[in-house]
There are 2 protein chains.
Amino acid sequence: MAGDTRERLVRVARDLIHGSSFAQVSVEDICKEAGVHRGSLYHFFPSKERLGLAVLDANWAMMAALLDEAFGAEAPPLERIDRFVRGFGGMIALMRERTGSTPECPIGGLSAELSAKGDEPRAHATRILDAWAAYFSDAIREAEARGEVDPTVDPHETALRILAYLQGTALLAKAYDRPEIVEHARDGVRALLAPSR
Amino acid sequence: MAGDTRERLVRVARDLIHGSSFAQVSVEDICKEAGVHRGSLYHFFPSKERLGLAVLDANWAMMAALLDEAFGAEAPPLERIDRFVRGFGGMIALMRERTGSTPECPIGGLSAELSAKGDEPRAHATRILDAWAAYFSDAIREAEARGEVDPTVDPHETALRILAYLQGTALLAKAYDRPEIVEHARDGVRALLAPSR
DNA sequence: CCCCTTGTTGACTGTTCGGTCAAGAGCGCC
DNA sequence: GGCGCTCTTGACCGAACAGTCAACAAGGGG
């Protein structure tokens, strides 16, 4: 129980949030689970909202690690996207195992919820979503250069579509409580890379 | 102010929920906005959760009307899907105008949130999502029969993909507060109808 | 005219919420 | 040893929360 209180709070908050939603988790719940008094939480975070943003940052760190691993691989760009999608599905399934219920996308779900709280949280969230989409658009551009994707496909537009599709699969996975939905997302993503008529 | 209290409660609740989320809207807020005392609400609904399910039903009624209008038209199946997507985008934009903030999908967002509350709400939500997807899969089957879609495309699987994609666009639209994202969904949906490799 | 049903009221319960605060513990540095 | 910094405690605040209740209004049918 050394200087890891802050991290523990963020980790616990993340698990609880994924089990339901940010609004449904109370500061009290988080503190109790972390074995800490409320005053301690407010030593590290000025408000519940800022704790939420810290959780979003932690989730993004996790996601970025997954992205770097998949997109840093020596493989054709489309295959790197596949790799990531597989990793994404695995992450959702893992969280389902750890928390007992299927979460939404750790980035998208929180982003949509926190965005409604004001302009600053929204800017924070959209910056992360943009960074995520950039991984896709870079890979798409590279795939076009290699002739593996029709050059009439707009990389940025398509990256957003892939992102949206992944968000939607995660949302449906939560509604159905069936994480496999995300794990089967590969083919849908591939279809999005075909040129639209 | 005759016998329309129940309807008014549901309508007000819907608007408030779309401005944020089910959990963030209090029974008090709803009653105040509807010009009714709390006891009255509990005359019609045994709990806040049941009111949430009633809102979900109302949203589904609205969505089903949109679906019937689009899919009942005399037009090729793919065009009927286009019609619906356009209507869906318009609905989100309209809600944005009326409530001042971009909502998630009125079906998907609520479904994901209520599903976490137990098996009964989950069954309720998934039944609605299944009914929605059926509109798509029927149209896809018909398009295949007419040779407008590759017959190797699995109708049910693809319908779920379209549904997921629409959910995701709505979620991103809320996070970015840019309803146009949904209004541009047509091309993404079309891409999903191409066969996956 | 009374009764019964449907709806409404407004005050009430007990709980939980996010957030504050003064006091102190532990600890390294001068 | 004493100072200052970081962190923790636990009691406390007022507000908001979901839900309850007995009383009462309205009105149509017998």
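Residue numbers begin at 1 in each chain, while the letters A, B, ... track the order of the sequences.
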Exercise. For A:Leu9 and C:dG18, what is the distance between atoms CG and C1' respectively, to the nearest whole Å?
Worked result: 15 Å

Exercise. Below 4.0 angstrom from OP1 or OP2 of D:dG19, is there any side-chain N or O of B:Tyr42?
Worked result: yes

For this session: Determine whether any donor atom in the side chain of A:Arg38 lies under 3.5 Å from an acceptor atom in the base of D:dG10, or the reverse, and answer yes or no.
Result: no

Exercise. Atom CZ of B:Phe22 to atom P of D:dC17: distance rounded to whole Å?
Worked result: 13 Å

For this session: Taking the side chain as every heavy atom from C-beta outward, state whether B:Ser111 and B:Leu129 have any atom pair closer than 4.5 Å.
Result: yes

For this session: Would you please confirm or rule out a distance under 4.0 Å between OP1 or OP2 of D:dG10 and any side-chain N or O of A:His37?
Result: yes

Exercise. Does a nitrogen or oxygen in the side chain of B:His43 sit under 4.0 Å from OP1 or OP2 of C:dT8?
Worked result: no

Exercise. Any side-chain N or O of A:Thr5 under 4.0 Å from OP1/OP2 of D:dT8?
Worked result: yes

Exercise. Which of parallel (below 30°), tilted (30 to 60°) and perpendicular (above 60°) describes B:Trp132 and B:Phe84?
Worked result: perpendicular

Problem set entry | Any A:Ser26 side-chain N or O less than 4.0 Å from OP1/OP2 of C:dT16 | no

Exercise. When we call it a touch if two heavy atoms are under 4.0 Å apart, what does B:Ser40 touch: a base, just sugar-phosphate, or nothing?
Worked result: base

Exercise. Can you check the B:Lys48 NZ to D:dC17 P distance for me, whole Å?
Worked result: 8 Å

